[in-house]
Amino acid sequence: MPKTKIAGIGYYVPKQIISNNDLLQYMETSDEWIQERTGIKERRYAHRTEETTTTMGVEAAKIAIERAGITKDDIDFIIFATLSPDYYFPGCGVLLQRAMKMGEVGALDIRNQCSGFIYSLSVADQFIKTGMYKNILIVASEKHSFGLDFSTRGRNISVIFGDGAGAVVLQPTEVANQGILSTHLHSDGESAEMLAMFNPGTHANHWMDQPAADFEDASIGQMFMSHQMIDKAQNFPNMDGPAVFKKAVVKFPEVISEALIKNNLLPKDLNLLIPHQANLRIAQYVQKKLQLTDDQVFNNIDKYGNTTAASIPIALCEAWEQGKVKDGDLICLAAFGSGFTWGSALMRW
Ligand code: ACO
């Protein structure tokens, strides 16, 4: 059975750089607080009207396809991971397929937030190994800047997130020392509300704490959004930051160790760990726990913030462009986020 290799990789970030100090015009915060708690110095924001999650994904995809030495017509399946889609539905996969004028190949959208890229990789790996597809395009893209609470109330979340996209082309390989060794996926829906955007949604429990009078506005079949929901910021992402942090520092090392143990390898064998860029403090904790050196871990959250599904392919691409990912290297990708969902992928480049 063939293994799956990354044949081409690309990323795109918008031109507009937003420093921590730029955020002071919207909320009470400080460069010192943001850097100390998250490691973020700046992030990118997409053009409000000319760029979307899909258009950024297209730019990353073009680079990945070119670097794979193929054309868009060779792609036989599309996987698109995002939590900030252009439309409520349909997903960004078909929008990208249309924008790139690709054939009528399948397009699948993955909704696993920060773990979206790892989940996408795992799904694609199964299709490649069974021989069903030969050139799978994975795109992970986020336009967070359009949907954040930029008031002081939302500062614990809005300072973290940035916009950007990453993409890879996956192909089968028969080369012995190359390809995905294993992927490991987990979830725990018990904590779903700890990091979530509730409305507009169809879950009645999030309506029930509203005064009955509110519902008089909503006719059957109408998506309901009350003033109270907006007052409670339920139209923005909500996060219990410390709770997410505590869970992340346990699950990251656990799922990385799971991948290493499965392949009879040790942390010292890793050439590079690329953790989802959630918070530099989380990455540093994981590094310490696994006793990894600075050279074994790649972080770029200082420049881009947390780009959710896109953070791993952006970081992997930057590391590769900087010559930090070489043929035969043992690379581990790992993520934890909303759901909670988490996972890892171990591969030989
Ligand atoms: N600027 C200034 N002060 C702030 C800010 C800000 N941007 N944000 C919060 N504060 C204040 C709070 O109001 C609080 O003040 P108080 O003590 O007077 O009440 C104080 O700072 C501490 O707040 P905490 O929320 O406890 O701060 P913490 O040190 O936990 O840092 C953070 C917050 C950065 C969000 C952290 O909890 C974190 O990174 N959590 C994990 C995030 C994560 O990994 N998310 C998963 C990925 S995202 C995804 O899946 C979509």
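Scope of the values below: all heavy atoms of this structure, side chains included, with no hydrogens, waters or symmetry mates. As the structure lists them, so they are numbered: ligands from 1, and atoms in each ligand from 1.
No more than 12 heavy atoms of other residues, nucleotides or ligands lie within 6.0 Å of NZ in Lys289, so this atom counts as exposed by the packing criterion. Around the CZ atom of Arg111, the shell of radius 6.0 Å holds no more than 12 heavy atoms that belong to other residues, nucleotides or ligands.
When heavy-atom distances to ligand 1 are checked against 4.0 Å, the residues falling inside are Thr29, Trp33, Arg37, Thr38, Leu83, Cys114, Arg155, Asn156, Val159, Ile160, Phe161, Leu195, Met239, Gly241, Pro242, Val244, Phe245, His276, Ala278, Asn279, Arg281, Ile282, Asn306, Gly337, Ser338, ordered by chain and number.
Between His186 and Glu254, the side chains place no donor N or O within less than 3.5 Å of an acceptor N or O (distance only, hydrogens not considered). A donor-acceptor pair shorter than 3.5 Å can be found between the side chains of Gln287 and Asp294.
A salt bridge does not link Glu51 with Lys15: every distance from a Lys NZ or Arg NE/NH1/NH2 to an Asp or Glu carboxylate oxygen is 4.0 Å or more.
Using cut-offs of 30° and 60° for the angle between ring planes, the Trp349 and Trp320 rings count as tilted.
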